[in-house]
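Heads up, the thing below is written out as structure tokens.
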Amino acid sequence: MDIQLIFFYIFAVMAVGGALSVLLFRSPVYCALALVGTFGFLAAIFILLGNEFVAAIQILVYAGAIMVLFLFVIMLLNLRTVEPFNLKWSLPKVLGVVVSIGILAQMIGVFTSAAARLGPMGAYSPERIAQEGAVQIIGQILFTDYVLPFEVISVLLMVAVIGAVVIAKRRLPPPGEEGR
Amino acid sequence: MSDYLWLIPALPLAGFLLNGLLGRPLGKVFTSLVGPGAIGAAFVLSLLAFLQMLDAPHQTLTQHAYDWIAAGPFHVSVGFTVDRLSGLYILIVTGVGFLIHLYSVGYMGDEEEYAYWRFFSYLNLFVFFMLLLVLGSSLLLLFVGWEGVGLCSYLLIGYYFKRDSAAKAAKKAFVVNRIGDFGYIVATLLIFTTFGTLDIATVTGTAASKLAVGGPLVTGITLLVFLACTGKSAQLPLYVWLPDAMEGPTPVSALIHAATMVTAGLYVVARLSALFVLAPTTMAVIAIVGAATAFFAATMGMAQNDIKRVLAYSTVSQLGYMFMAMGVGAFMVGIFHVMTHAFFKALLFLCSGSVIHAMHHEQDMQKMGGLIKKMPITGWTYIIGSLAISGFPLVFAGFYSKDAILWESFASPIGGTWLWVVGAVTAVLTAFYMFRSVGLTFFGKSRVDPHIEHHVHESPWTMTVPLMVLGGLAIVGGWVGIPHLLGGPVHLPNVLEHYFDGFFATIPAAAAEHYPESTEWLLMAVTTIGALAGMYFAYQLFSRYLAKAAQWRDAVRPVYELLAHKYWIDELYEAVIIKPIRWFSETVLWKIVDVRLIDGLVNGVAASARNLGGALRLTQNGIIENYAVGIAVGAVLIFWWLLF
Amino acid sequence: MIPVSHVLSLSAILFTIGVTGVIIRRNAIVVFMCIELMLNAVNLAFIGFAYGMHSMVGVMFVFFVLIVAAAEAVVGLSIMLAIFRNKGTLNVDEINLLRW
Amino acid sequence: MTNFLTTADFLTILPETIVFVMGMVVILFDLFGRGRGTRNLAYLSLLTLAVTGYACVSLYGQGLTGFRGTVVADEFAIAFQAIFLIVAAMVVLISIRYLEAQELPFGEYYALLLFATGGAMLMASSRDLLLIFIGLEILSISSYILCGMIQGDLRSNESAMKYFLLGAFATGFLLYGIVMLYGATGSTQLGDIASALTQREVYTNPYIWFGLGFLLVGFGFKTALVPFHMWTPDVYEGAPTAITAFLSTGPKAAGFAALVRILMEALSATHTQWVPVLWVVAALTMTVGNVLALQQDNIKRMLAYSSIAHAGYILVALVVGGKDGLSAIVFYSLAYTFMNIGAFAIVILASEQGHERVTFSDYAGYGYVEPVLGLCMFVFMLSLAGIPLTAGFAGKFQIFKSAIEQGFVWLTVIGVLNSVVSIYYYLRMVVVMYMQRPTATSLQHRATVSVPLYVAIAAALAGVLYLGVFPSDLLHFSLQSVSMLIAGR
Amino acid sequence: MTILGLPILSLIIFFPMVGVLLLLFVDRNSDELAKWIALAVSAATFLISLPLYWAFDANETAFQFVENVSWIPAWGVRYHLGLDGITLFLVLLTTLLSVVAVAGTWRQVEHHAREFMISLLLLEVGMTGVFVSLDVFLFFVFWEVMLFPMYFLIGVWGSERRLYAAIKFVVYTMTASALMLVAILALYFYNYRATGQFSFNIEDWYRLSIGLPAQYWLFAAFALAFAVKVPMWPFHTWLPDAHVEAPTAGSVILAGVLLKMGTYGFLRFAMPLFPQATQAFLPWLIGLSVVGILYGALVCMVQPDMKKLVAYSSVSHLGFVMLGLFALNQEGVQGSVLQMLNHGISTGGLFLVVGMIYERRHTKAIAEFGGLMRVMPIYATLFLIIVLSSIGLPSLNGFVGEYLILIGAFQVSPVAAILAASAVILAAVYLLWMFQRVFFGEVTNKKNEAVADLNWREVAVLAPLILFIVWIGVFPRPFLSKMETSVGHFIQMVHTEPSARAALLEPHRVADEGGSDVSIALKTQ
């Protein structure tokens with residue numbers, strides 16, 4: 001049996017485990033760490049799928065930037081108060097769980113169904129990527145076909161920055177408390 | 001002259017307007033002149049018209065005033081007709097009307113509170129409508145008058161509007177009449193659909209050709225018309241309003257509820273005789289109803305103590321007589337009695353009015369007595385009237401007309417013995433209760449309240465003159481209809497018969513078997529003697545032996561109560577008809593159907609929408625998770641729809 | 001050779017876990033983590049398809065999703081910061097001034 | 001492979017470019033112009049919008065496409081861009097006094113407004129799911145921030161957080177939808193998807209249905225369709241009133257623009273599938289929105305629910321499709337913009353320093369305190385209720401007309417009955433304004449004067465009445481604007 | 001066709017707007033001025049509308065004074081007005097009653113007289129518009145817009161439960177007319193399919209022949225909208241509430257004109273557009289009319305409140321109107337059109353007089369009164385005349401209409417006619433009973449001792465009504481002759497298949513039998 005596949009399954013199980021622990025850990029900090037783990041395993045799976053570059057970005061941006069931001073905020077708010085595990089099971093929640101399991105069933109059903117079939121084959125076979133190098137190809141596409149999204153996304157980042165400033169920055173701090 | 005027929009009703013109308021608009025500012029003298037004046041003038045014109053009519057072609061004058069209603073085939077014009085029937089009627093109406101107006105000047109002279117001018121304007125208006133009724137050449141125009149007189153009687157009965165009894169009586173009169181009018185309206189609808197017109201001449205002219213004898217259609221029409229008549233002319237079962245109508249001022253009772261309006265029913269029947277003769281069933285019904293009314297009313301009359309009520313019931317009873325005549329096809333005789341009755345009943349009412357006037361509006365006969373000395377003219381005229389109505393032989397008007405009726409009820413092809421018997425008994429009863437009232441009022445020792453005793457005196461000339469004139473008429477009025485049996489030997493013609501010769505339709509099966517004169521003599525003798533006995537007996541009993549009268553009354557207490565309470569008919573109607581209807585309307589229709597069902601439904605819809613909102617609101621509990629659940633549920637449903 | 005359907009199934013599982021987390025967790029930050037999990041599931045699906053179809057579109061998409069996720073994280077976390085300052089809790093079921 | 005960016009490319013996105021660039025300029029001004037109040041920024045933004053409007057007008061009819069067909073400046077795009085510009089302009093006008101009254105003296109506000117507008121415009125003009133997604137995100141994230149503007153106010157924070165969390169959640173669904181379409185067709189460009197769908201084996205591919213479903217969920221959230229609507233009232237109520245006015249018109253219209261473009265250009269082959277779904281959703285949306293609005297005492301919240309209902313009406317037009325139906329979407333979006341922002345403008349005008357007047361009882365006797373404004377409010381309410389001679393009626397008429405034409409009789413009946421229900425709560429405002437005596441809490445004296453607000457109200461009134469009495473011109477315009485979508489079908 | 005080259009109909013419709021504009025500039029506190037302006041404007045409108053009567057050609061079947069301008073080309077909507085012998089009188093009635101309403105409530109408006117008068121004038125605009133629109137869209141616009149001034153009249157100036165009554169009035173009507181809108185749209189497309197062009201022109205629609213089941217549904221939708229307005233039993237329950245709560249002017253207009261819109265709707269739209277459906281539903285409609293007649297009358301008898309009583313009496317009287325309409329013959333329809341006028345005048349008058357006593361005593365409960373005859377004789381007299389006309393006393397207007405209706409109905413369904421005729425009894429019962437309780441007897445209630453009799457203004461307000469009551473009763477020809485042709489045309493329309501109507505819809509004159517010239521000459525036969 002193909003070694004790739006075995007690794008895939010291993011990482012898959014671990015990713016799912018990480019996800020579940022995000023779902024089930026009580027302390028936000030643990031959750032965050034579990035999420036980092038999940039991202040790691042996903043990155044590994046990306047490698048298996050032949051996209052080392054994306055895997056790297058995944059680690060850098062997600063695990064590196066985003067999750068750090070999460071942890072930073074958690075620490076900042078020092079949410080030591082561990083969320084009591086009673087999830088307050090209300091009827092809607094139960095319904096929700098049932099429903100999401102339903103979604104899962106439907107999705108698996110579709111993905112494994114015979115009718116499901118991939119779209120037309122593209123030009124970028126793993127071999128080509130291997131010889132031309134993923135970074136070069138991506139760069140090329142990014143600055144030709146995707147130049148507009150690339151430019152526009154900057155506006156998005158700009159908005160995000162402004163937003164952070166507007167919302168989080170303290171105007172007129174309350175007396176007797178230095179801004180953190 | 002016929003171009004000016006419209007003036008006859010127009011004059012009273014003008015009088016009404018003048019009195020109504022200017023009566024208050026210009027005062028009593030003005031009113032006293034305008035009111036009777038207008039009617040007097042109308043009487044003169046009527047007389048002229050009458051005379052011209054007599055030698056007009058077909059003895060008919062007609063005038064087309066203008067087109068009233070025109071819609072498609074339906075077309076009614078305002079036109080007036082004076083023929084032998086209406087000619088006689090307008091004379092009665094304006095003539096008697098004039099006398100009564102004159103009388104009212106005195107009678108209502110001291111009227112302050114309720115406005116003298118109102119009274120006269122109403123009275124004039126009444127005469128206007130009555131003339132319209134009589135002269136109208138279309139059934140619909142006739143109906144206008146018909147309803148108009150109803151309105152006026154409503155207004156005049158309610159003249160003393162402060163009295164609740166008066167107000168109620170007025171409403172009762174109008175409503176009961178309306179029940180009859182319903183019949184009239186439907187009848188006209190049927191007539192229009194049958195004849196395509198409502199012009200009386202055309203209808204009566206073509207009736208025989210368009211309607212099958214005894215057919216359902218003609219029977220229906222005539223029965224409906226008769227229903228109207230029972231309302232207007234106070235026959236069973238709709239007579240109940242007339243006794244209460246005595247709440248009105250006495251001249252009103254005299255004019256409207258004795259002489260003119262109440263005979264409108266007979267006028268209509270006579271007018272449409274051509275239709276009625278085609279409907280034997282209806283004729284039988286009319287005869288029976290008439291006889292029954294005559295009898296019942298008479299019995300009730302015996303137990304009344306209010307002088308005017310006695311007269312009221314006698315009116316009902318006499319009207320019954322007239323219908324009996326109509327019912328047996330003796331239209332002429334019926335009209336004859338209408339005329340004589342107009343004279344003597346108006347006379348009686350006016351006399352009673354004069355008494356009441358003198359007695360300061362005391363109407364209870366038990367508080368009277370011996371008045372003949374104090375007010376001779378009134379007294380004697382009253383006695384004349386009583387003799388006339390009781391049919392004192394040979395002299396008085398009533399005798400001839402009533403006797404004619406009785407004879408016809410026996411001899412006519414429709415009539416029969418039983419009819420005659422009822423009539424005869426009624427005649428005796430009539431004589432009895434009339435002279436009961438005479439005795440109680442004018443003879444015996446005075447029972448008058450001492451406080452007012454010394455005020456009692458004879459009435460002014462404006463009142464006594466009409467009394468005397470009418471007294472005269474009450475005597476000579478009958479001489480126009482002397483039966484051949486009596487007139488033959490001394491060559492006195494039966495003027496009326498000659499006058500109406502061939503005017504009224506006759507029953508198709510007119511092969512009336514001929515009775516020997518002896519029978520006629522016999523019947524006449526029996527009734528006459530009975531009547532005389534009744535008169536004498538009653539007179540004696542109620543002028544001299546009151547105590548004995550009381551004893552006998554107590555002996556038959558239940559019967560007396562029954563009569564005194566008019567067989568509890570009013571209470572019966574109240575309980576059986578009025579109450580249930582009101583209950584149904586109030587409880588079922590309004591409170592349940594309207595409020596509960598329909599509105600309940602309407603508001604229910606609105607409420608349920610609001611409640612639904614309230615329920616859905618609960619999903620909006622502000623917790624993010626639930627909203628997420630909502631999204632997820634929606635997603636699942638959509639997938640499910642799309643995939644499977 | 002990894003069958004795409006397996007990759008997709010994995011992404012489906014992750015996605016569902018994310019959804020479930022959003023529904024049952026009460027701490028806003030954790031809820032947001034679960035959303036990030038969903039986004040990752042999406043990324044995985046993109047990569048899987050790109051892998052299966054030899055296409056680069058999916059890969060490109062992943063980058064932009066990443067950036068969007070980052071931007072959302074910045075804004076979202078600052079919003080939570082503000083809320084925590086004012087209310088002292090991040091339990092979503094206690095933050096329901098606005099309802100009905 | 002070589003690549004020249006031609007001027008056509010840039011012209012195509014000229015409007016968006018102007019808005020984005022000027023947004024940044026506004027921030028710079030704000031940076032250097034601290035303390036000089038924000039009015040100038042407002043006027044700058046207005047100027048920007050005006051210029052952009054001019055750009056749109058001059059591009060109209062040229063049918064430019066750029067960047068390998070990922071963006072177009074066709075009539076449809078420009079029609080909606082014009083709507084967004086009008087929305088933005090009116091929101092700027094009503095914001096000027098609002099910011100001062102609520103003591104929110106910062107210029108990022110206008111910048112974010114411009115960015116949001118730009119995002120919306122991008123959504124309307126792009127023919128690539130990626131660009132649509134990015135535009136959507138720009139719009140959404142700016143909206144989250146604008147909702148949370150009032151720092152000290154818990155309600156504002158809460159609405160921001162709810163909007164954000166649920167928005168991100170829905171984004172997840174949207175993305176998954178895109179993945180599926182990508183997986184089934186190998187592309188994210190609408191044109192390619194459409195051409196791929198012409199092959200049967202693609203058409204029967206369950207990925208497509210999944211993608212369609214996920215997309216509907218995502219856009220259903222943005223356009224607040226039942227059952228994805230629940231966030232709407234909370235967010236609208238908590239957000240600053242001016243922003244509520246924006247949210248209820250701008251993003252909604254943008255969502256519809258994108259949805260229409262996707263469904264018509266990419267997925268029109270599958271309409272037999274999504275029409276029945278949207279039929280049900282439309283009926284639910286109208287009914288739930290109206291019925292829930294019956295219960296509200298808070299005007300913002302009432303208008304939030306009513307906006308759900310109006311989304312339902314627009315959805316009817318989408319379900320009906322065809323030239324008339326789609327043109328009705330354009331028409332109704334504009335009409336709704338006028339009447340809704342007009343109503344909000346009056347709410348803002350009535351509110352005072354630091355105290356908003358958002359409950360019905362605040363307006364007892366308002367019609368007599370402020371006859372003219374009361375009358376305007378009355379007209380806006382009538383228009384929202386869809387009474388003749390107002391824009392609301394013209395829009396509904398066009399919608400129902402097309403619905404009947406296509407034979408959607410029952411949907412029409414549901415619609416008209418719903419608008420009857422809506423009369424009930426819109427008239428409640430009238431009842432309060434004219435038929436109740438002023439109370440202690442209600443507005444007793446005339447509100448402070450604000451020229452920009454008056455301008456906004458006047459504009460809204462003019463729009464409502466003009467579109468109501470003479471709808472023809474706009475109808476022709478909107479018919480033109482959607483014609484190419486039908487041609488592509 | 002115009003008078004003096006003026007677009008007379010537009011002038012009549014929109015002249016009140018002049019008053020509205022003037023009033024907008026009146027200071028909100030100067031009530032007197034506002035009233036005078038309103039009075040002047042409405043009176044002027046009435047005067048402007050009067051020439052219509054003489055200018056109208058009684059023998060022309062086509063619509064007259066037509067104005068036809070394009071309005072909304074995108075939908076094929078046109079500003080299309082016109083008048084026929086039926087609407088002629090409805091318009092005149094509207095303008096007359098508007099004047100009466102303004103003058104009649106002079107003292108009753110305690111607050112915001114300016115707004116009150118504005119509403120009244122706007123109402124007049126709407127009502128006239130409804131009657132003269134020949135474009136269905138235009139009609140619908142007026143039909144709906146006109147609700148809101150009325151809504152204000154009830155809601156702002158009404159009595160205790162005014163809010164409930166007002167919203168009930170609006171929602172009731174709106175619900176029905178919403179369905180009518182759907183039907184209108186459907187017809188719009190039928191017309192498009194048939195002719196290939198979008199048009200709301202009623203004259204075009206008259207040519208549409210529609211398949212059967214569809215025709216039933218459409219007729220039902222239209223009929224429902226109009227039946228609510230009439231109101232026909234069982235859709236009448238908004239009426240008592242609205243009337244009881246409304247101020248006098250509101251009641252007068254509501255009873256006098258608004259209800260006529262329902263009957264007019266049947267006459268102009270529901271029946272000619274769907275001849276077969278009309279025939280099919282006829283028995284039911286006749287039945288409902290009769291039920292309404294009796295039901296209204298019976299419920300009237302037990303009403304403790306004068307206004308409520310009059311309101312229910314409207315249900316009964318409108319039942320008559322509908323009955324005549326459904327008789328579908330010259331007598332019936334002419335009678336019912338005439339009865340529309342009569343009801344407008346008499347019931348309007350009744351509401352006025354009730355309002356006058358309400359101004360003085362601030363109660364409408366019959367039990368509160370008694371013996372007023374002595375305190376206020378003039379009032380009593382005028383009241384009685386109006387009551388009698390409402391009872392349908394011959395020689396007053398009510399009778400002419402009702403009798404024609406009965407004649408017409410009897411030829412179609414004798415049973416219905418007889419049942420309806422029995423209402424004459426009930427009418428007498430409930431109205432006279434009220435009259436008796438209010439005016440007869442001693443003055444039991446001390447409050448009534450000092451009540452003032454009518455002043456010159458109030459008499460002047462009632463005078464025109466009384467005039468018409470007597471005039472129509474005694475000499476209805478001037479009215480009947482003007483409407484004869486149009487009514488005949490209407491009946492022909494209903495009796496001919498739409499496909500066969502081409503000739504009918506060509507404007508043509510009918511033979512001049514007893515046309516406009518009315519002879520009062522006294523001819524002898």
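Below, chain A is the first sequence line, B the second, and so on; all start at residue 1. Worth saying up front: this structure is predicted, and the values here are computed from it rather than measured.
For Met60(C), no part lies under 4.5 angstrom from a heavy atom of chain D. Residue contact with chain C, scored on non-hydrogen atoms closer than 4.5 Å, is absent for Ser156(D). Contacts of Ile67(C) with chain D are absent, with no heavy-atom separation under 4.5 Å from either backbone or side chain. With a threshold of 4.5 angstrom between heavy atoms, Phe210(D) does not approach chain C through any atom at all. Interface remark: Ala50(C) contributes backbone and side-chain atoms alike to the contact with chain D (heavy atom separation under 4.5 Å). With a 4.5 angstrom heavy-atom cutoff, Ile134(D) touches chain C only via side-chain atoms. Contact of Tyr305(D) with chain C is made through the side chain alone, with heavy-atom distances under 4.5 Å. If you measure heavy-atom distances from Ser78(C) to chain D, you find no contacts under 4.5 Å at all. Only the side chain of Ile79(C) has a heavy atom closer than 4.5 Å to any heavy atom of chain D. For Tyr236(D), no part sits under 4.5 Å from any heavy atom of chain C, backbone or side chain. With a threshold of 4.5 angstrom between heavy atoms, Val19(C) approaches chain D through its backbone and through its side chain. Contacts between Gln296(D) and chain C at a heavy-atom distance below 4.5 Å involve the side chain alone, from C-beta outward. Heavy atoms closer than 4.5 Å to chain D are found in both the backbone and the side chain of Ile95(C). With a 4.5 Å cut-off on non-hydrogen atoms, Val57(C) touches chain D through its backbone and its side chain both.
The most heavy-atom pairs under 4.5 Å with chain C, out of Arg301(D), Arg155(D), Met161(D), come from Arg301(D). Annotation: maximal heavy-atom pairing with chain D below 4.5 Å, among Met38(C), Glu36(C), Met53(C), occurs at Met53(C). Of the listed residues (Gly183(D), Ser187(D), Ala160(D), Ser159(D)), the greatest number of heavy-atom pairs within a distance under 4.5 Å of chain C belongs to Gly183(D). Of the listed residues (Phe61(C), Phe64(C), Phe32(C)), the one with the most heavy-atom contacts under 4.5 Å to chain D is Phe61(C).
In this structure, Phe15(C) has its ring center closer than 6.0 angstrom to the ring center of Tyr176(D).
Side-chain N or O atoms of Arg85(C) include none that pairs as donor or acceptor with a backbone N or O of Gly152(D) at under 3.5 Å. When atom types are taken as modelled, the side chain of Asn86(C) and the backbone of Gln151(D) share a donor-acceptor pair closer than 3.5 angstrom.
Pairing each heavy atom of Ala45(C) with each of Val179(D), the nearest pair is CB-CG1, 3.4 Å. Residues Ala71(C) and Ile141(D) approach most closely at CB-CD1, 4.1 Å, considering heavy atoms. For the residue pair Asn157(D) and Ala82(C), the shortest heavy atom distance occurs at ND2-CB, 4.1 Å.
Proximity of Glu237(D) to Leu97(C): side-chain heavy atoms (C-beta onward) are nowhere separated by under 4.5 Å.
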- Take Val31(C) and Phe169(D) through the test side chain to side chain contact (heavy atoms under 4.5 Å, CB included) and record every step on the way to the result. CA-CA 10 Å; Val31(C) 169; Phe169(D) 186 60; over 6 Å; no
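Annotation: salt bridge (charged side-chain N to carboxylate O under 4.0 Å, His left out) contacts of Lys162(D) (sequence neighbours excluded): Glu158(D), Asp234(D).
Identified under the side-chain hydrogen bond (donor to acceptor under 3.5 Å, both in side chains) test for residues 129-139 of chain D, with sequence neighbours left out: Glu137(D)-Thr171(D).
Tyr182(D) and Phe46(C) have tilted rings, their planes meeting at an angle from 30° to 60° on a 0 to 90° scale.
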